[in-house]
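The block underneath contains the structure these notes are about, expressed in structure tokens.
Chain A is the first sequence line, chain B the second, and so forth, proteins listed ahead of strands; every chain is numbered from 1.
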Amino acid sequence: MNQEQMTGSQILLETLIAEGVDTIFGYPGGSIMPVYDKLYDYQDQLRHILVRHEQGAIHAAQGYARTKGFPGTVIVTSGPGATNVLTGVADAMVDSTPVVVIAGQVSSALLGTDAFQETDLIGMTNPITKSSYQIRKTEDIAWAVSRAYFIASTGRPGPVVLDFTKDAQVGKAAFKYEKCNFIRSYISKPVVDESKIDEAVKMLDASTRPFVVYGQGILQSGAEKELTDLLEKGDIPAGSTLLGLSALPSDNPHFKGMLGMHGSIASNVLSQQADLILAVGMRFDDRVTGKLDTYCKNAKVIHIDIDPSELGKNVPVDLGIVADAKDALSRIVAKMARKERKAWLNSDQHCNEVEMQKVIIPETQGTADTINPGEVVATVAEVCGQDAIILTDVGQNQMLGARYSRFKRSRSFISSGGLGTMGFGIPATIGAKVAALDRKVCLFVGDGGFQMTSQELGTIMQEQLGVKLVLLNNNWLGNVRQWQELFFKERYSATRMINPDFEKIAQAYGIGRVLVEKREDLRPAVERMFADDKPFILDVHITEANMVFPMVPPGKAVSEIMLNSTEWYK
Amino acid sequence: MEKEKHYIITTYTENQVGLLSTVAGLFTRRSINIDALRVFPSGIPGVHKFVVKTTTSEAKARAIVLNLEKKVDVIKSFCYVDNEDFNKELKEVADYIQERENNNN
Ligand SMILES: Cc1ncc(C[n+]2csc(CCOP(=O)(O)OP(=O)(O)O)c2C)c(N)n1
């Protein structure tokens, strides 16, 4: 049956189905029209979501991938279609998100002639992809596509771009599909060096103050249980990166909060007091470490990551282990000693009391006339029973969304971390909802980020996706405004925004919307929002000059923490 | 500043279009100057060899080797301080490819 002649477009779609793809986020155009034409015949098997801008397609695919743990798929045309996805490709690269982008390209005979809508997509995406490949022959399609999914989803996941010439789309060949699971120049799963596991166990057993810092690698390798077991067996506290959130339930007694610039005081202080840092599936981003030469100076460092180039890149390591997180942690758990370290585990009481009194209560139990954004996040967490998938855009909404959301289930927090892409939120929320129709999916977004990709409200309308968009509306580019207030002498250059009437926007798209200005209206409005599974915009007018604390200012050690504009943690 | 020295970085790759710009791009992005570059068939069928001579710090030289190896089509990369003998690596790469193909993972 494999010998049937098919067009390249059909081979592409058949291969996608064979790879397990069920959804495509895309936008048609000249050089991808043969694929779209064939897609017409495959509507039952492949759900195509027509976005309103290609950036929306890639962010939606990212939201889908991070919810499902399966690569998101994007199809766009050449030229502007392809360049419009670049931001999302760069975002997926730095946040290790598996996506496969299939972009049309002019016919191979025209390559290099500045033909209509020709761009050098391979040249442009090479530095921001895990792999990019130009398909010029129909016979190569099944191989190249299967290989793309293998590369995107294994090892350290990431984006793969396929630049698909039009002649390859229309040419004919036999459909010969073979699932790719081996590339000789590429290690999809490293073999763990057991002697290093033994060394790690020895260091861990000898440590009196170990601290685990973990990232998205836990979610990606499915190591939530192994992490939990390790923390329990050793009485070890742990802090999460932004992208690692929800790997542990928020009420896990070993979980000390988020690390870094707007992380919890406890997580930051414990990393400075520890005598051993065990880092798993994270990359010591500068937002996590603060001033590097002051970071965890009292500690030995064990770093476990699947990407060898991460070990020692930022923080010098005493022991580096190249491994899948689940694999390494299960081996360590099996060999480590059960130890009691209660005093150390609970040594963060002072941190927590200070944070509660000076930061959390003022932020989440506001008394002023206006509503604080933290109150909104906390109310959402309460009303949705800590069970929603929470997404954020970028800025204050992101840090507060991360700080005050509560999680019971893994893979429940999605945000643009390494690139910090404003405009990520709305489309990523679309992708998350498509991947988890049975779950509540809720976005926190600022008025700036909302307007960067608000055209995707059209997609939400067309697909009738029950996403909940919580607009934390402060009429400022809040995060930048905060830096201007704190570090630029209150010179508010280009951060004030005159906003449109969001009610009319919601109305135009037929999306329900409630405006909240008073505290007593907040909870009923959030309850109303979650009462059904329809799209909804909750427009909350929040305290304009609100600031996110605690804050480790840029260039400071993570133990130098601002509690508000005038006080520092002592 | 760490002391700069001459390094020779050799890289074995699959024979893929566009790898020259990938390899060069990794150096450019870290502002490491390429003093000399040679690309030729390695002697192992289908495998190309890049030899880059560069002046940089040891940390940067080691990091670039790891980043070269991170590229899907790069098989192995090595780093030598100037004038070290690097001819024995060819057999190492051939053995490595053989082993990978036997184990298939
Ligand atoms: C595409 C993009 N442009 C600019 C920035 C820089 N930036 C980071 S946060 C921020 C302000 C965000 O304002 P808003 O969306 O209203 O959210 P808030 O901080 O008020 O919650 C800006 C401009 C960015 N991260 N991404």
Go through A/R136 and B/V17 one step at a time and tell me if the side-chain contact (heavy atoms from CB on, under 4.5 Å) criterion holds.
CA-CA 12 Å; A/R136 285 181 299 262; B/V17 186; 4.0 Å; yes
Between A/R147 and B/D73, does any NZ, NE, NH1 or NH2 come within less than 4.0 Å of an OD or OE carboxylate oxygen?
yes
Please classify the contact of A/I151 with chain B as side chain, backbone, both or neither, using a heavy-atom distance under 4.5 Å.
side chain
Interchain contact, B/Y96 with chain A, by part (heavy-atom threshold 4.5 Å)
side chain
Within 6.0 Å of NZ in B/K91, more than 12 heavy atoms from elsewhere
no
For A/D114, is the CG atom crowded, meaning more than 12 foreign heavy atoms sit under 6.0 Å from it?
no
Interatomic spacing from NZ in B/K70 to CZ in A/R156 - rounded to 0.5 Å:
4.5 Å
Between B/R100 (side chain) and A/I183 (backbone), is there a donor-acceptor pair under 3.5 Å?
yes
Say whether, by atom type as modelled, one donor and one acceptor occur between the side chain of A/S309 and the main chain of B/L66 under 3.5 angstrom.
no
Chain A contact via B/E101 - side chain, backbone, both or neither, heavy atoms under 4.5 Å:
both
So, does A/R184 use its side chain to make a donor-acceptor pair with the main chain of B/Q98 at under 3.5 Å?
no
Over all heavy atoms of both residues, which pair between A/S185 and B/I75 is shortest? Give the atoms and the distance, please.
CB-CG1, 3.6 Å
A/E178 atom CD, neighbour heavy-atom count above 12 within 6.0 Å
no
Looking only at heavy atoms, which two atoms of A/T129 and B/K71 are closest? And how far apart?
O-NZ, 3.9 Å
Heavy atoms of other groups near A/K137 NZ, more than 12 under 6.0 Å
no
Would you say that more than 12 heavy atoms from the other residues, nucleotides or ligands in this model lie under 6.0 Å from the NZ of A/K300, or not?
no
With a sphere of 6.0 Å drawn around CZ of B/R29, does it hold more than 12 non-hydrogen atoms of other residues, nucleotides or ligands?
no
Side chain, backbone, both or neither of B/V74 within contact of chain A (heavy atoms, under 4.5 Å):
backbone
